[in-house]
Amino acid sequence: MRIAVTYEDGKIFQHFGRTEYFKVYDVEDGAVAKSEVVGTDGKGHGALAGVLEELQVKILICGGIGAGARQGLGAVGIEIFGGVSGDADTAVESFLKGTLSFNPDSQCEEHEGGSHGACGEHGCGGH
């Protein structure tokens with residue numbers, strides 16, 4: 001199984017559509033076998049579903065994420081665990097233990113008719 005986390009400086013980046021990196025984890029027998037940081041080559045928002053599909057990711061752990069990205073990821077069979085913050089490695093370990101705290105309804109309000117300021121509230125730094 002492959003898990004991807006939106007990634008910046010060891011932490012979960014808080015705006016899926018603007019992430020520049022994913023940390024991708026290969027999981028075997030319930031444990032991380034290896035991981036690597038992969039750049040998005042400047043792709044954003046809708047194109048990121050294709051990036052993750054190409055990487056054969058099945059699980060995404062992220063902060064805020066818009067409804068359009070959720071639909072795109074769902075269309076390629078990627079399960080989303082949004083509303084997560086903190087250390088990326090710790091989040092993956094928690095996921096593997098079944099103890100990850102996430103919000104299945106988390107969204108980036110910027111994409112739901114909210115303001116750019118609303119996006120800044122969840123830590124992506126505004127736009």
Side-chain angles (χ1 to χ4, degrees):
M1 169 176 52
R2 285 195 120 184
I3 300 171
V5 178
T6 53
Y7 189 78
E8 182 178 64
D9 296 327
K11 305 280 184 202
I12 298 169
F13 187 69
Q14 291 298 299
H15 185 149
F16 171 79
R18 295 190 184 273
T19 194
E20 293 181 17
Y21 300 96
F22 290 106
K23 189 164 184 182
V24 179
Y25 301 79
D26 288 320
V27 176
E28 296 174 10
D29 299 321
V32 174
K34 71 175 185 170
S35 65
E36 66 178 321
V37 176
V38 178
T40 62
D41 294 325
K43 295 177 180 145
H45 291 95
L48 293 174
V51 170
L52 293 175
E53 181 182 32
E54 190 173 297
L55 291 168
Q56 300 178 329
V57 167
K58 297 298 179 197
I59 303 290
L60 170 69
I61 299 172
C62 62
I65 184 169
R70 283 183 174 279
Q71 291 173 343
L73 291 164
V76 296
I78 296 173
E79 190 173 359
I80 303 162
F81 293 83
V84 182
S85 61
D87 182 78
D89 294 345
T90 300
V92 170
E93 290 299 324
S94 294
F95 173 81
L96 294 174
K97 292 177 186 173
T99 60
L100 180 66
S101 178
F102 68 98
N103 179 353
D105 299 318
S106 72
Q107 294 191 31
C108 181
E109 294 178 22
E110 171 189 2
H111 303 291
E112 301 307 314
S115 69
H116 287 112
C119 184
E121 288 174 25
H122 68 67
C124 75
H127 305 284

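- Under a 3.5 Å cut-off, the side chain of Glu20 and the backbone N or O of Arg18 do not form any donor-acceptor pair.
- Of all heavy-atom pairs between Gly10 and Asp87, the closest is O-OD1, 3.4 Å.
- Expressed to the nearest 0.5 Å, how far CD1 of Ile12 lies from CG of Asp89 amounts to 9.5 Å.
- Of all heavy-atom pairs spanning Ser35 and Lys23, the tightest one is OG-CE, 3.4 Å.
- The hydrophobic cluster containing Leu55 also contains Leu48, counting ILVMFWY residues as joined when their side-chain heavy atoms lie under 4.5 angstrom apart, directly or transitively.
- How far CD1 of Ile61 is from CZ of Phe102: 9.5 Å, rounded to the nearest 0.5 Å.
- In the hydrophobic clustering of ILVMFWY residues, with side-chain heavy atoms under 4.5 Å counting as a link, Val92 and Met1 come out together.
- With rounding to the nearest 0.5 Å, the separation of CD1 in Ile65 from OG1 in Thr6 is 8.5 Å.
- Note on Val38: it clusters hydrophobically with Val51, by side-chain heavy-atom contacts below 4.5 Å among ILVMFWY residues.
- We find the NZ-CD1 distance between Lys58 and Ile3 to be 13.0 Å, quoted to the nearest 0.5 Å.
- The side-chain heavy atoms of Val84 and Phe95, taken from C-beta on, include no pair separated by under 4.5 Å.
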- Passes salt bridge (charged side-chain N to carboxylate O under 4.0 Å, His left out), Glu54 versus Arg2? Steps please. CA-CA 11 Å; Glu54 190 173 297; Arg2 285 195 120 184; over 6 Å; no
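- The line from CG of Leu73 to CD1 of Ile59 is 11.5 Å long, rounded to the nearest 0.5 Å.
- A continuous path of hydrophobic side-chain contacts links Val76 to Leu52 [ILVMFWY only; heavy atoms under 4.5 Å].
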- Show your reasoning for whether side chain to side chain contact (heavy atoms under 4.5 Å, CB included) applies to Leu60 and Phe16. CA-CA 10 Å; Leu60 170 69; Phe16 171 79; 3.6 Å; yes
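- Under the 3.5 Å distance criterion, the side-chain polar atoms of Glu93 are left unmatched by any main-chain donor or acceptor of Ala88.
- Each of Val57 and Tyr7 belongs to its own hydrophobic cluster when Ile, Leu, Val, Met, Phe, Trp and Tyr are linked at side-chain heavy-atom distances under 4.5 angstrom.
- For the pair Thr99/Ser94, a side-chain contact is recorded, criterion being any heavy-atom separation below 4.5 Å from C-beta on.
- Shown here for Ala4 and Phe22, the closest heavy-atom pair between the two residues is CB-CD2, 4.3 Å.
- With contacts defined as side-chain heavy-atom distances shorter than 4.5 Å, the pair Val5/Tyr25 qualifies.
- The heavy-atom pair separating Arg70 from Pro104 by the smallest distance is NH2-O, 3.4 Å.
- Here the OG1-CG distance, from Thr90 to Leu100, works out to 10.5 Å after rounding to the nearest 0.5 Å.
- Considering all non-hydrogen atoms of both residues, Glu28 and Ala33 come closest at CD-CB, 3.8 Å.
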